[in-house]
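Here is the structure we will look at, set down as structure tokens.
Throughout, protein chains are lettered first and strands after them, A, B, ... in sequence-line order, and every chain is numbered starting at 1.
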Amino acid sequence: MIRILLFAGMKEAAGTDQLEMEAEHVSVSDIRLFMKENYPEIPGTERAMAAVDEEFVPDQEIIRAGGTVAFIPPVSGG
Amino acid sequence: MEQKRYRVTEEPLDSGAIIQRVTDKNAGAVTVFIGTVREMTKGKRTLSLTYEAYVPMAEKKLAQIGAEIEEKWPGTITSIEHRIGSLAISDAAVVIAVSSPHRDASFKGSRFAIERIKEIVPIWKKEHWEDGSTWIGDQLETTSYAEGAPEEDKS
């Protein structure tokens with residue numbers, strides 16, 4: 001199982017701050033597809049940056065079962 | 001124990017305490033930048049703002065910005081706090097303090113810090129207007145990752 005963390009408008013549209021994906025071994029791109037197919041109401045799944053261990057990661061990054069990936073929509077702090 | 005110099009908090013920001021964290025006997029200057037909640041933006045009246053953060057990553061990225069400043073301008077000391085939760089007009093959303101042996105580095109460092117916050121720190125602002133509300137940087141696309149990723153600092 002892979003944990004997917006959501007924030008801001010993505011979280012609001014999903015109605016939850018976390019999703020789960022049953023998988024042993026997937027890329028960030030695979031997770032984007034999973035979200036698009038299963039949660040089409042979540043905006044910006046293609047555009048949000050992915051982060052693992054609090055660092056931005058590229059789409060080829062592999063996430064293993066037990067791992068967590070956070071999706072970071074365009075930021076607006078300051 | 002050294003106080004934490006990079007923090008995301010729901011409490012009102014105390015600029016005096018943040019200045020204290022960068023005050024140093026080798027410093028000849030301290031600049032303080034305070035980002036505050038503005039009422040009017042492009043003709044729309046903001047009633048209040050809500051900020052949300054991915055707190056552990058946001059604090060890590062604030063510390064990264066401090067390290068970038070220290071690398072670019074040796075001798076600087078930086079402290080940054082960002083407030084989250086519900087903020088009213090004129091509340092301080094972010095306080096950046098930079099000290100340096102000579103004033104030029106403090107001015108440049110604080111400018112650099114606020115621009116970097118808007119690029120790489122996972123904090124989001126939701127504006128509450130008279131006629132609705134929106135997460136900025138998302139549906140409105142006032143910011144976007146044109147290059148597909150927040151750029152690493154190249155300068």
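In the displayed structure, His128(B) atom NE2 is contacted under 6.0 Å by more than 12 heavy atoms of other residues, nucleotides or ligands. For NZ of Lys60(B), the number of neighbouring non-hydrogen atoms (other residues, nucleotides, ligands) closer than 6.0 Å is greater than 12. Taking a 6.0 Å sphere around CD of Glu41(A), one finds it holds more than 12 heavy atoms contributed by other residues, nucleotides or ligands. Around CZ of Phe34(A), the count of heavy atoms belonging to other residues, nucleotides or ligands within 6.0 Å exceeds 12. Counting heavy-atom neighbours within 6.0 Å of Asp17(A) CG, excluding the residue itself, gives a total above 12.
Scanning for ring pair (Phe, Tyr, Trp, His ring centres under 6.0 Å) contacts around Phe71(A) gives an empty result, with sequence neighbours left out.
With salt bridges taken as basic N to acidic carboxylate O contacts below 4.0 Å, none links Lys61(B) and Glu54(A).
The cluster map of Ile, Leu, Val, Met, Phe, Trp and Tyr, joined by side-chain heavy atoms under 4.5 Å apart, puts Met10(A) and Ile31(A) in the same cluster. Cluster annotation: Val55(B) is connected to Tyr51(B) through the hydrophobic network of ILVMFWY side chains, with a link wherever side-chain heavy atoms come within less than 4.5 Å. Criterion: ILVMFWY side-chain heavy atoms under 4.5 Å apart, direct or through other members. Under it, Val75(A) and Phe33(B) are part of a common hydrophobic cluster. Note on Ile2(A): it does not cluster hydrophobically with Ile62(A), by side-chain heavy-atom contacts below 4.5 Å among ILVMFWY residues. No path of Ile, Leu, Val, Met, Phe, Trp and Tyr side chains, each step under 4.5 Å between heavy atoms, connects Ile19(B) with Ile69(B), placing them in separate hydrophobic clusters.
For Asp59(A), no part sits under 4.5 Å from any heavy atom of chain B, backbone or side chain. Contacts of Tyr54(B) with chain A are made by both backbone and side-chain atoms, with heavy-atom separations under 4.5 Å. When heavy atoms are compared at a cutoff of 4.5 Å, Ile117(B) approaches chain A by way of both its backbone and its side chain. The contact between Lys125(B) and chain A is made by backbone and side chain atoms together, counting heavy-atom distances below 4.5 Å.
Within residues 75-99 of chain B, the residues having any heavy atom less than 4.5 Å from a heavy atom of chain A are, in residue-number order, His82(B), Ala93(B), Val94(B).
For Trp124(B) (side chain) and Gly77(A) (main-chain N/O), no donor-acceptor pair under 3.5 Å exists by modelled atom type.
Expressed to the nearest 0.5 Å, how far CD1 of Ile123(B) lies from CD1 of Ile72(A) amounts to 11.0 Å. Note: Met49(A) CE to Ile120(B) CD1 = 11.0 Å, rounded to the nearest 0.5 Å.
Of all non-hydrogen atoms in Trp135(B) and Glu12(A), the two that sit nearest each other are NE1-OE2, 3.1 Å.
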Determine, stepwise, if the pair Met57(B) / Phe56(A) fulfils side-chain contact (heavy atoms from CB on, under 4.5 Å).
CA-CA 10 Å; Met57(B) 182 169 172; Phe56(A) 293 109; 3.6 Å; yes
